[in-house]
Amino acid sequence: GIGFPNSGLGAVHGLALPLGGHFNIAHGVANAILLPHVMAFNLPAARARLRDIAVALGASRKSAAGAIDHVFALRRELKLPVLASFGVGEEHLDALARDALGRNSNCVTNPRPVTEADAKEIYRAALREQ
């Protein structure tokens, strides 16, 4: 763990941290919930990387979108919970986004810059999942 702050973990970890603090969601679960949503957000800045991920995962479509779809499918197959099942609601998004982008945020190393509005939209996308 000592190397984490220097490794450039990105928005998945940055947005997952406040979910643990505010809603006691295990960090690995929070990361899994947010991963495909952050991948979709990063698509314009990381198309080639995401295409490589699709290939590495053995996704049926070897494209950036195929990687995102594959991660969503894997989450469903594993029956992972969705964000709303933890009591997170629209009324919490301001505080979550503010905390995610606060001091020492992992979001600063994300491939695409993350604003507070972006963070709220990523959380919102996760909340729309059923």
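Note that the numbering runs from 1 along the sequence shown for the chain. Quantities reported herein were computed from a predicted structural model and do not represent experimental measurements.
Between Y123 and H37, the ring center distance fails the sub-6.0 Å criterion.
Exactly one residue among L9, T115, L101 makes a side-chain contact (heavy atoms from CB on, under 4.5 Å) with C107. That residue is L101.
Under the 4.5 Å side-chain heavy-atom criterion for Ile, Leu, Val, Met, Phe, Trp and Tyr, V29 and L17 are members of distinct hydrophobic clusters. There is a path of hydrophobic side-chain contacts, each under 4.5 Å, that joins F86 to L127. Hydrophobic clustering (ILVMFWY, side-chain heavy atoms < 4.5 Å, transitive): F72 and I33 are in one cluster.
Taking the charged nitrogens against the carboxylate oxygens, E91 and K120 have no contact shorter than 4.0 Å, which rules out a salt bridge.
Counting non-hydrogen atoms of neighbouring residues, nucleotides and ligands closer than 6.0 angstrom, the CZ atom of R75 exceeds 12 such neighbours.
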Decide side-chain contact (heavy atoms from CB on, under 4.5 Å) for N110 and F41; before the verdict, give the C-alpha distance in whole Å, the side-chain angles of both, and the deciding distance to 0.1 Å.
-> CA-CA 10 Å; N110 197 60; F41 172 78; 3.9 Å; yes
Start with the C-alpha gap between I25 and L83, add the side-chain angles, then the distance that decides, and say whether side-chain contact (heavy atoms from CB on, under 4.5 Å) holds.
-> CA-CA 9 Å; I25 301 172; L83 188 57; 4.0 Å; yes
Would V38 and V114 satisfy side-chain contact (heavy atoms from CB on, under 4.5 Å), going step by step from the backbone distance to the final call?
-> CA-CA 10 Å; V38 173; V114 181; over 6 Å; no
Derivation of the side-chain contact (heavy atoms from CB on, under 4.5 Å) call for V82 and Q130 | CA-CA 7 Å; V82 295; Q130 299 294 321; over 6 Å; no
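By the 30° and 60° cut-offs, the orientation of the rings of H13 relative to H27 is tilted.
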